[in-house]
Amino acid sequence: MSVAELDNYKQAADNHDLKHIPGSFGLPVIGHFFEMVTDLYGTIDRQYCRYGPVSRLGVAYLKGVLLIGPDLYGEVYLDKDKNFSAEMGYARTLGRFYKGALLLRDHGEHRFQRRIMQSAFKTEAMRGYFGTMGPMLKEAVEGWDGREDFLFFPAIKQALLDVAATIFVGLDKDDDRAANLNHAFLDIANGLLGFFAKEIPGTKYARGKKAQRHLQEFFGSLIEERRRGKGIDTFSYFTRETTEDGEYFSDEDIIAHMSFLLFAAHDTTTSALSHLMLHLGENPEWQQRLREEAASIDKEFLDYDDLEKMPLADAAVKETLRLHPSAMVAQRRTIRDCELGGYRIPANTLLFLVPQYTHRMAEYWDNPHTFDPERWLEPRNEHKRHPFSFVGFGGGAHKCIGMHFALTQTKNFLHQFLRRYEFSLAADSGEKLQTVPLPKPADDLPLHLKRLG
């Protein structure tokens, strides 16, 4: 990519001249936003059945092209011609609050910035996190015993944020700053729903921008202290990481990566575990199978080498993410004119990818709407039918760098929770699912817990 292209594509406005592509931008201003919020799968299904795998779509103030199917997703995620910009794809959504995060970096810049995270996610560092993760999850789970009107979503969100604040930031769970971080992430999540990027006092967007500044000030104030220390939290690893020239990464880079990492690390796993508990409540036979697997590792806390002894848990989590991806819509923007699915896509055109729909295509998955972790195991291995039929962790260069950490945390939680409790769903629990600002059961998933032993 030439220097001119590098400069120009980030300055260009979104292209909306898409009359040659079938579809509809929907109503003025709102597009198909409310349809997608209330019934994401149904909206995309109607679009796909009517227009095919490539169609014109409007989502609130965003207008672009909807792509459906693993062939197209493979083209975009692999990005062999370096023609799809994640930074510009997310510029008017996540980019409003998390500009500079690793997900929002392109090509060579992305590869360069990914280096900052190498030490924090190597095996040695991951092994070190176990000494913190298991005991903290045990304490949280123990505290749920005997609670009336127990709501799983807020309980697991708090537990995972406490773990993330300790492992990633080096904060004690009782530190008031950890609670302030949680409030900041909630305000930013709500701010992402703002239709207009103007800081009008009292609006969700304004509160989100205030929260963003809080995160920047918080992380910025601690960088030098962490760099001089010998901490084993992720933040400390980031501050000490250097470029190939031996220079530290800039404070701006560190702040951007930490802000987004902490948000992604606890919110996405909170979403995944909430949906997993929903399915295990609906399928008690699978709940028992996972409990027996957890109990077979007869120790108080898992060690790193125990992770491979939990294949059923691994399959159940991936099956949950197939049905309920934590990121409901992925976005890119074209840099130059290209062709996708037989259509000419002009430069600077937004692309929308909806993993949930592709994850449920009958061409690639048997009984695709059914929770069935067996599909991930021998001899079925349905996920191997196409390399991009499952993109629950993204794909290509932008595949989630924290994927292994998320699975590690999930297995540690299941090991603590399922050995202590049987659970069932409260009446009508989980009947309605929310997609924004975070995918989850709309009722926060009330559970009836029964202590074992």
Side-chain angles (χ1 to χ4, degrees), residues 137-138 140-157 159-160 269-300 302 306-307 309-326 356 359-360 365-380 382-383 392 406-407 409-434 439-453:
L137 289 172
K138 175 187 176 182
V141 167
E142 286 279 8
W144 299 346
D145 192 15
R147 282 176 54 174
E148 298 292 333
D149 301 321
F150 176 70
L151 298 177
F152 181 80
F153 177 82
I156 192 60
K157 189 178 194 304
L160 294 182
T269 307
T270 296
S271 173
L273 278 174
S274 296
H275 289 110
L276 176 58
M277 292 301 106
L278 172 62
H279 285 295
L280 295 184
E282 294 173 336
N283 298 271
E285 70 282 3
W286 267 104
Q287 182 183 151
Q288 184 58 26
R289 289 182 69 179
L290 293 186
R291 179 174 294 108
E292 291 171 359
E293 181 179 73
S296 70
I297 305 173
D298 189 18
K299 57 177 67 172
E300 186 175 17
L302 294 180
D306 292 322
L307 296 177
K309 302 173 185 176
M310 300 180 73
L312 296 182
D314 197 71
V317 173
K318 289 177 180 175
E319 177 68 347
T320 300
L321 288 172
R322 183 186 70 83
L323 291 167
H324 313 281
S326 297
Q356 185 188 59
H359 288 178
R360 299 187 182 203
W365 306 96
D366 298 337
N367 299 314
H369 299 286
T370 301
F371 178 77
D372 181 8
E374 290 279 3
R375 71 175 80 246
W376 297 86
L377 305 174
E378 295 283 358
R380 288 169 62 181
E382 293 179 21
H383 59 292
L407 291 171
Q409 186 164 232
T410 299
K411 289 179 179 180
N412 270 274
F413 167 75
L414 292 173
H415 183 254
Q416 295 298 328
F417 181 69
L418 293 177
R419 290 183 308 126
R420 282 178 174 78
Y421 302 106
E422 286 182 353
F423 68 92
S424 58
L425 302 178
D428 303 325
S429 180
E431 284 195 352
K432 184 177 181 182
L433 300 180
Q434 167 186 303
K440 71 179 185 72
D443 61 4
D444 284 343
L445 199 63
L447 297 181
H448 297 308
L449 303 183
K450 178 185 176 182
R451 184 80 185 215
L452 296 171

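Bear in mind the structure is a predicted one, so any value in this text is a computation, not a measurement.
- Using a 4.5 Å heavy-atom threshold, the side chains of W286 and E374 count as touching.
- Partner L447 forms a side chain to side chain contact (heavy atoms under 4.5 Å, CB included) with one of W144, F152, F153 and no other, that one being F152.
- Checked against a 6.0 Å centroid threshold, the rings of F417 and F423 count as neighbours.
- A315 and W376 make their closest contact through O-CD1, 3.7 Å (heavy atoms, listed as atom of the first residue, atom of the second, distance).
- Rounding to the nearest 0.5 Å places CD of E293 at 12.5 Å from CZ of R419.
- Among residues two or more places apart in sequence or in another chain, the side-chain contact (heavy atoms from CB on, under 4.5 Å) test is passed with E142 by K138, R420, R451.
- Considering all non-hydrogen atoms of both residues, P325 and H359 come closest at CG-ND1, 3.7 Å.
- In this structure, NE2 in H279 is found 5.5 Å from OG1 in T320, a value given to the nearest 0.5 Å.
- Here the shortest heavy-atom pairing between S274 and L445 reads O-CD2, 3.3 Å.
- With contacts defined as side-chain heavy-atom distances shorter than 4.5 Å, the pair L323/Q356 does not qualify.
- Note that CD1 of I156 is 12.0 Å distant from OG of S271, once rounded to the nearest 0.5 Å.
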What verdict does the side chain to side chain contact (heavy atoms under 4.5 Å, CB included) test give for M310 and L290, after you've listed the backbone C-alpha separation in whole Å, the side-chain angles of each residue and the deciding distance to 0.1 Å? CA-CA 8 Å; M310 300 180 73; L290 293 186; over 6 Å; no
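- A cation-pi contact links R322 to W365, judged by a cut-off of 6.0 Å to the six-membered ring centre and 45° from its axis.
- Note that CG of L302 is 4.5 Å distant from CG of N412, once rounded to the nearest 0.5 Å.
- The shortest distance between side-chain heavy atoms of V317 and L273 does not fall below 4.5 Å.
- Closest approach of L433 and G430 over heavy atoms only: CD2-O, 3.8 Å.
- At most 12 non-hydrogen atoms from other residues, nucleotides or ligands lie less than 6.0 angstrom from NZ of K432.
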Checking salt bridge (Lys or Arg N to Asp or Glu O under 4.0 Å) for the pair K411/D306: CA distance, chi angles, key distance, verdict? CA-CA 10 Å; K411 289 179 179 180; D306 292 322; over 6 Å; no
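- The residue from I297, T410, L307 that alone fulfils the side chain to side chain contact (heavy atoms under 4.5 Å, CB included) condition with H415 is I297.
- Taking a cutoff of 4.0 Å between a charged side-chain nitrogen and a carboxylate oxygen, R375 and E319 qualify as a salt bridge.
- Across all non-hydrogen atoms, the minimal contact from L151 to D443 is CD2-O, 3.9 Å.
- With contacts defined as side-chain heavy-atom distances shorter than 4.5 Å, the pair L321/K318 does not qualify.
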E422 and Q287: CA distance, side-chain angles, deciding distance, side chain to side chain contact (heavy atoms under 4.5 Å, CB included) verdict: CA-CA 8 Å; E422 286 182 353; Q287 182 183 151; 4.2 Å; yes
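- Considering only heavy atoms from C-beta on, D314 comes within 4.5 Å of L407 through its side chain.
- Contact check for S296 versus K309: no side-chain heavy atoms found under the 4.5 Å cut-off.
- Looking only at side-chain heavy atoms (C-beta outward), V141 and Y421 come within less than 4.5 Å of each other.
- Closest of all the heavy-atom pairs between L425 and G281 is CG-CA, 3.9 Å.
- For the atom pair CD (E382) and CG (N367), the distance works out to 8.5 Å, reported to the nearest 0.5 Å.
- The line from OG1 of T269 to CG of L276 is 11.5 Å long, rounded to the nearest 0.5 Å.
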Verify side chain to side chain contact (heavy atoms under 4.5 Å, CB included) between R291 and L452, making sure each step is shown before the conclusion. CA-CA 11 Å; R291 179 174 294 108; L452 296 171; 3.5 Å; yes
